[in-house]
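Notes follow once the structure below has been shown.
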Amino acid sequence: GVAVSDIGTIYGVTTGLGWGGNPNGSVWEFATKTGLQTVYVFQNGSDGEWPDQAPVLDHSGNIFGTTHIQNGASFAGAIWKISAAGDFTILHDLDGITEGFEPNSPLLLDLADGNLYGTTSSGGYSNYGTIFKISPSGAFTVLHSFTGGSDGAVPTGNLVQDAKGVIFGGTDYGSVFKIKP
C-alpha cells in the first residue's frame, strides 16, 4: 500500500530481503517533478527492519509507519516517524510481552485527535496480539490485549474508523471488534 500527500506525492515502503529495495527495507517517495527517491533506509538495528505495512501521512507532511521486527532490544517491532523536514525518529519500541510483537496493520490516523492506532499479530498478556494507540510525539498505550476467547485472536487487516471515532477491525479467529479509544 501507499500514502498520497495533499499535493500528490506518493509514499511507500520496501520490505527488503529479496522483496525489493534495500536489504532491511526503505521508505520511498514519488513526485512528478523529482521522480522516485529513497527517503530513508533501515539499518537493521535500533531503527528496526522490514517496514511491511503502508505508511500514513498527517496534514503537516509527517510520515508514520511500523517495522515488522527489530528495534535494538526486543525484536518486537517499532513505530517510526519521518518529519516533514526529513528527520527519522523511532516513536516507540514495542516490548513484545505486554505491548505486542510484529505490528501487522497499517497505522490508522485519527484526524480528530491526531493519534495513530495499530495492531500486533502476537504478544500482549495472552500472546494473541494487541490494539494500540500512539500519539505523534510517542506516548504509547495498549488499548486491548486479545485473549483468544470471544474477543478473538491475532488481529489482522486494516483498521477503519467511523464518524463517531469508533475503530473497527477483524481477527484471524473470525471475530470482528470495535473499540472507542
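Cluster annotation: Leu57 is connected to Val27 through the hydrophobic network of ILVMFWY side chains, with a link wherever side-chain heavy atoms come within less than 4.5 Å. Residue Val4 is not grouped with residue Val13 when hydrophobic side chains (ILVMFWY) are merged at heavy-atom distances under 4.5 angstrom, including chains of intermediate members. Linking ILVMFWY residues whenever their side-chain heavy atoms come closer than 4.5 Å, directly or via other members, places Val56 and Ile134 in the same cluster. Side-chain heavy atoms closer than 4.5 Å link hydrophobic residues (I, L, V, M, F, W, Y) into clusters, and following such links, possibly through other members, connects Phe140 to Leu107. Under a hydrophobic-cluster definition in which Ile, Leu, Val, Met, Phe, Trp and Tyr are linked whenever side-chain heavy atoms come within less than 4.5 Å, directly or via other members, Val142 and Tyr117 are assigned to different clusters.
The number of heavy atoms from other shown groups lying within 6.0 Å of CD1 (Ile7) does not exceed 12. Heavy-atom contacts from other residues, nucleotides or ligands closer than 6.0 Å to CG of Leu143 number more than 12.
Using a 4.5 Å cut-off on side-chain heavy atoms (C-beta onward), Pro155 and Phe146 make contact. Residues Phe42 and Pro51 meet the side-chain proximity criterion, which asks for heavy atoms closer than 4.5 Å. Counting only heavy atoms from C-beta outward, the side chains of Pro181 and Ile167 approach each other to under 4.5 Å. The side-chain heavy atoms of Ile179 and Val166, taken from C-beta on, include no pair separated by under 4.5 Å. Looking at heavy atoms from C-beta onward, Trp28 lies in side-chain contact with Ile10 at the 4.5 angstrom threshold.
Summarising the geometry of Ala76 relative to Gly100, their closest heavy-atom pair is CB-O, 3.7 Å, with the distance given to 0.1 Å. Nearest heavy atoms, Gly77 versus Pro103: CA-CD, 4.1 Å. The minimum heavy-atom distance linking Phe101 with Gly123 is given by the pair CD1-CA, 3.8 Å. Between Ala54 and Val2 the shortest heavy-atom distance is CB-N, 4.0 Å. Considering all non-hydrogen atoms of both residues, Ala31 and Thr9 come closest at CB-OG1, 4.0 Å. The shortest non-hydrogen separation linking Ser5 to Tyr11 is CB-CE1, 4.3 Å.
Rounding to the nearest 0.5 angstrom, the gap separating the CD atom in Glu102 from the CH2 atom in Trp50 is 8.5 Å. Rounding to the nearest 0.5 angstrom, the gap separating the CD1 atom in Ile79 from the CD atom in Gln53 is 12.0 Å. Here Leu91 contributes atom CG and Trp80 contributes atom CH2; the two are 10.0 Å apart, rounded to the nearest 0.5 Å. Atoms NZ and CD1, on Lys81 and Ile63 in that order, are 11.0 Å from each other to the nearest 0.5 Å. In this structure, CD on Glu29 lies 8.5 Å from CG on Leu36, to the nearest 0.5 angstrom. With values rounded to the nearest 0.5 angstrom, Asn62 atom CG is found 10.0 Å from Leu116 atom CG.
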Original post:
Phe177 and Phe168: ring-ring contact (aromatic ring centres under 6.0 Å, His included), yes or no, with the steps?
Top reply: CA-CA 6 Å; Phe177 61 86; Phe168 296 87; 8.6 Å; no
Subject >> Step-by-step side-chain contact (heavy atoms from CB on, under 4.5 Å) determination, Asp58 to Phe64 >> reply: CA-CA 8 Å; Asp58 67 13; Phe64 298 91; 3.6 Å; yes
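Partners of Thr119 by side-chain hydrogen bond (donor to acceptor under 3.5 Å, both in side chains), not counting sequence neighbours, listed by chain and number: Asn104, Ser105.
For the 3.5 Å distance criterion, the side chains of Ser126 and Thr147 fail to qualify, holding no donor opposite an acceptor.
Pairs passing the side-chain hydrogen bond (donor to acceptor under 3.5 Å, both in side chains) check and including a residue from residues 158-175, sequence neighbours excluded, read Asp110-Gln161.
No side-chain donor-acceptor contact under 3.5 Å links Thr130 to the backbone of Phe132. In this structure, Gln43 contributes its side chain and Val41 its backbone to a donor-acceptor pair below 3.5 Å.
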